[in-house]
Structures are given as structure tokens and as C-alpha cells.
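Inspection log for the structure reproduced underneath, given as C-alpha cells.
Positions are given from 1 along the sequence. Just the heavy atoms: all of them, side chains too, but no hydrogens, waters or symmetry mates, feed the values below.
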Amino acid sequence: ISTVISLYKFRPDIVNSGTPKAGILLMIASFIIRTPIRIFTFRGLRSETLTGSKKHIVRFMEKASCLLSTHVIAISPSLKLQLENESIVKKGKCIVLAKGSSNGVDINRFSLNNPDLNFDNKIKSVSNEYVVGYVGRLVLDKGLMELYQAFLRLKSYCQIKLVIIGGYEYQNKLPVDFINNLEHDKNVEMLGEIIDVENYYPSFDVLVLPSHREGFGNVILEAAAMNIPSIASNIPGIQDAVEDHVTGLLFKVHSESDLYLKLKYYFDNPEIRKKHGIDAQYRAKRYFSNKNIWNEQHEFYRKCTDKNN
């Protein structure tokens with residue numbers, strides 16, 4: 001009721017919402033007061049990794065939000081295809097702005113030419129150390145357990161360090177014993193949540209994003225803009241962020257063994273790894289500058305309002 005009252009007070013021409021809970025509340029409220037342009041943005045398919053009754057409830061909320069909206073945006077082409085194939089949204093109703101991503105990447109901030117860059121953080125202990133980085137929420141769905149198992153196998157093969165940037169969350173929690181293993185491993189650096197993450201990417205040899213579900217994976221763009229290739233799960237969303245064997249490597253989701261092989265491949269082939277980083281930077285700058293995404297969003301809003309008028 002409070003959402004309906006707030007919207008009625010301001011009477012917006014456009015409502016754009018995302019996430020299952022906020023999405024359904026705003027779509028219902030904006031439908032009731034007849035907001036002319038109601039946009040639901042999919043930043044990932046939340047119901048995908050849920051089970052039981054919770055999965056059915058969240059899936060219903062996602063479908064209902066699409067039904068009540070006038071437009072649906074998916075933040076990647078492969079996510080759009082998944083939504084249509086699973087009958088969550090009708091074909092023809094869902095669009096992707098430009099080549100996707102949730103907000104693009106600030107190519108001035110995430111640049112090796114950034115004059116404010118300060119990456120004297122001494123992460124790399126010795127010159128030949130293989131530094132594998134992870135940036136993101138520390139939750140089960142992000143695939144950290146597979147990453148750590150692959151990392152443990154590589155410890156007997158090369159001098160390696162795992163750097164983890166991000167904070168823990170109460171939902172979808174990691175097992176306590178697993179967290180203890182991470183925090184007591186001398187070859188793992190747990191840096192917590194960091195605002196100026198651009199100061200740490202240059203210390204990575206590769207970024208790993210082993211997510212079980214993802215709308216796009218903006219950290220891949222951040223790393224790419226700084227010449228760092230990524231190894232990531234071969235799932236909808238990420239498939240559009242990484243061009244396999246061009247800007248990074250894709251591995252079979254949930255597969256610790258495949259992730260191990262991809263990490264080993266990059267260690268054994270540093271020239272290919274560097275080439276992928278260069279190509280990743282080119283692709284990030286050409287297609288995923290946040291200004292490009294903002295311009296596409298603005299143009300989409302303009303077309304919606306012109307058509308409505």
C-alpha cells in the first residue's frame with residue numbers, strides 16, 4: 001500500500017525496477033496507478049539456483065513482474081534467450097540494450113593510464129608468482145568452493161596466490177569450515193570489501209568468476225579494461241562478458257576439474273594469457289563503456305515516451 005501511495009504522489013511517467021521482491025512490488029503498484037511505462041530489468045535469474053517452494057515462489061514473482069510490465073530488459077543476450085526459452089517472458093517483449101551489461105564500465109577509472117591509480121599493494125610476493133583474483137560477494141552461488149579446490153590442486157604445480165575481494169552475506173552463506181580454511185591458508189589473501197578495487201586488478205594475472213548464475217558479470221569488464229583476462233563459468237550472462245579463447249576462457253559450471261585445467265593452461269601459456277588481456281581491453285572499451293550503456297538507456301526511454309505520447 002505504501003508503494004502505491006508513494007507512486008500516486010509522484011505520478012512518474014516511467015518506472016524501472018529489478019530483483020524479484022522490489023520488482024513485483026513496483027510492477028503491481030505502477031500497474032494499479034496506470035503508470036504508462038513500466039520496465040522490469042532482469043539482472044539475473046534469481047530463481048535459477050533456488051530449490052523447493054522458494055524456487056516456485058520466486059519464479060512466479062519473476063513471471064508476474066514480466067506480465068505486469070510494458071517492457072522487459074535483460075542485461076545480456078544469453079540471459080534474454082534463457083528467459084524466452086523458459087517461458088518467463090514472451091518473445092518480442094524482452095530487449096537488450098547495446099551488447100549488454102548492467103551499467104557498463106568506467107573506462108577512465110578502470111585504466112592503467114588512470115593518474116590516480118595506486119597499486120603498490122605488494123600482493124605479488126615474487127616475480128614468478130601466479131596471482132589468481134576473485135572480486136564479488138562471498139556466497140555459495142558464486143562458486144568459491146570450486147575455485148578453492150582448483151587452487152589447492154595448482155599449489156602443488158606452481159607458486160600461486162589466491163586474492164579474494166568481497167564481503168560475506170547472511171543469505172546463501174558459505175559453510176563455516178570452508179571459511180576457516182580460506183582464512184587460515186597462507187597462500188590466500190582475504191582483503192574484504194574494497195572501494196578502490198581498480199588499484200588491485202593490475203596485481204592479478206587472471207580474474208576468476210565461477211558463478212552458478214549471473215546476469216552479466218561486470219567485474220569481468222572491470223578487469224578487462226585493465227588488460228586482465230578472465231576465466232569464468234560457461235553460463236547465460238557470462239557467455240556475453242567473455243569471448244571464449246579470445247578475451248578469456250569459459251569452463252563448465254560447477255566443475256572444479258575443468259576450472260583447474262583452465263587455470264593451468266593460462267599459467268603454462270603466459271603469452272596467450274597476455275594476448276587475451278589485450279583483446280579483452282579492446283572489447284571492453286569498444287562495446288561496454290558506461291557512457292555507451294547510459295546513452296542506450298536514455299534513447300530507449302525517449303522512444304518509449306515518444307511512442308506513449
Side-chain angles (χ1 to χ4, degrees), residues 7 12-31 33-48 58-107 211 213-222 224 232-244 247 283-309:
L7 282 180
D13 295 311
I14 300 174
V15 167
N16 189 340
S17 69
T19 75
K21 185 177 180 180
I24 191 66
L25 289 174
L26 267 173
M27 288 300 102
I28 291 173
S30 58
F31 180 81
I33 70 164
R34 292 295 185 265
T35 301
I37 302 165
R38 304 181 299 277
I39 304 167
F40 183 64
T41 300
F42 267 100
R43 303 186 184 278
L45 190 54
R46 179 69 185 93
S47 60
E48 184 179 9
V58 173
R59 181 58 62 96
F60 170 79
M61 292 164 69
E62 290 166 338
K63 286 185 175 183
S65 295
C66 290
L67 187 64
L68 293 171
S69 69
T70 56
H71 305 79
V72 177
I73 296 174
I75 66 169
S76 64
S78 53
L79 177 60
K80 173 181 178 290
L81 184 63
Q82 182 184 20
L83 296 173
E84 291 173 343
N85 288 343
E86 297 187 23
S87 301
I88 294 169
V89 62
K90 288 183 178 179
K91 290 184 179 180
K93 189 173 186 177
C94 186
I95 67 162
V96 178
L97 299 178
K99 285 186 174 289
S101 89
S102 60
N103 199 35
V105 62
D106 185 339
I107 59 174
S211 297
R213 64 174 179 87
E214 200 73 46
F216 190 88
N218 258 41
V219 293
I220 291 172
L221 296 184
E222 293 173 359
S233 307
N234 190 2
I235 57 172
I238 289 178
Q239 292 164 352
D240 302 299
V242 174
E243 193 172 350
D244 196 20
T247 66
R283 187 169 184 262
K285 286 183 174 181
R286 182 176 182 182
Y287 298 117
F288 298 106
S289 162
N290 53 13
K291 290 183 179 179
N292 289 344
I293 305 301
W294 297 341
N295 288 338
E296 286 281 339
Q297 187 93 49
H298 181 268
E299 181 64 14
F300 175 65
Y301 285 165
R302 187 192 64 77
K303 288 180 178 178
C304 287
T305 52
D306 286 352
K307 187 177 181 180
N308 188 63
N309 292 331

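Looking at Leu79 and Phe42, their side chains come closer than 4.5 Å, going by heavy atoms from C-beta outward. Between Val96 and Ile73, every side-chain heavy-atom pair lies at or beyond the 4.5 Å cut-off. When side chains are defined from C-beta on, Arg43 does not count as touching Thr19, because their heavy atoms never get closer than 4.5 Å. Proximity of Lys90 to Glu84: side-chain heavy atoms (C-beta onward) are nowhere separated by under 4.5 Å. In this structure, Asp240 and Ile238 have side chains that are not in contact, with every pair of non-hydrogen atoms separated by 4.5 Å or more. You'll find the side chain of Ile14 reaches within 4.5 Å of the side chain of Thr305, heavy atoms only. Side chains of Glu86 and Arg59 form a contact here, defined as non-hydrogen atoms less than 4.5 Å apart. Using a 4.5 Å cut-off on side-chain heavy atoms (C-beta onward), His71 and Cys304 make contact.
For the atom pair CG (Asp106) and CG (Leu221), the distance works out to 12.0 Å, reported to the nearest 0.5 Å. Atom CG in Leu26 sits 12.0 Å away from atom CD1 in Ile39 (nearest 0.5 Å). For the atom pair CG of Asn16 and CD1 of Ile37, the computed distance is 10.5 Å after rounding to the nearest 0.5 Å. For the atom pair Phe216 CZ and Ser78 OG, the distance stands at 8.5 Å (nearest 0.5 Å). Within the model, atoms CG of Leu68 and CZ of Arg38 stand 7.0 Å from one another, a figure rounded to the nearest 0.5 Å. Atom-to-atom distance recorded for Lys80:NZ and Asn85:CG is 9.5 Å, nearest 0.5 angstrom.
In this structure, Arg283 contributes its side chain and Ala241 its backbone to a donor-acceptor pair below 3.5 Å. Put simply, the side chain of Ser289 never gets that close to the backbone of Lys285: no donor and acceptor are under 3.5 Å apart. Between the Asn295 side chain and the Lys291 main chain, a donor and an acceptor come within less than 3.5 Å of each other.
The residues Glu62 and Arg46 are annotated as not salt-bridged, no charged nitrogen and carboxylate oxygen being separated by less than 4.0 angstrom.
Considering every non-hydrogen atom in both Val15 and Ser30, the closest pair reads CG2-CB, 4.1 Å. When all heavy atoms of Ser76 and Gly237 are compared, the closest pair comes out as OG-CA, 3.3 Å. The shortest heavy-atom contact between Ile88 and Leu45 is CD1-CD1, 3.5 Å. What you find for Ser211 and Ile235 is that their closest heavy atoms are O-CD1, 3.4 Å. In terms of heavy atoms, Ser69 sits closest to Cys66 at OG-O, 2.8 Å. Across Gly18 and Phe40, no two heavy atoms sit closer than the pair CA-CE1, 3.9 Å.
Cation-pi geometry between Arg302 and Phe300 is not met at under 6.0 angstrom from the ring centre and within 45 degrees of the axis.
Side chains of Asp13 and Tyr301: no donor on one and acceptor on the other come within 3.5 Å.
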Might you work through the side chain to side chain contact (heavy atoms under 4.5 Å, CB included) test for Ser101 and Asn218, ending with a clear yes or no? CA-CA 7 Å; Ser101 89; Asn218 258 41; 3.7 Å; yes
For Ser233 and Glu214: C-alpha separation, side-chain torsions, deciding distance, then whether side chain to side chain contact (heavy atoms under 4.5 Å, CB included) applies. CA-CA 9 Å; Ser233 307; Glu214 200 73 46; over 6 Å; no
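Heavy-atom neighbours of Lys93 NZ from other residues, nucleotides or ligands within 6.0 Å: above the threshold of 12.
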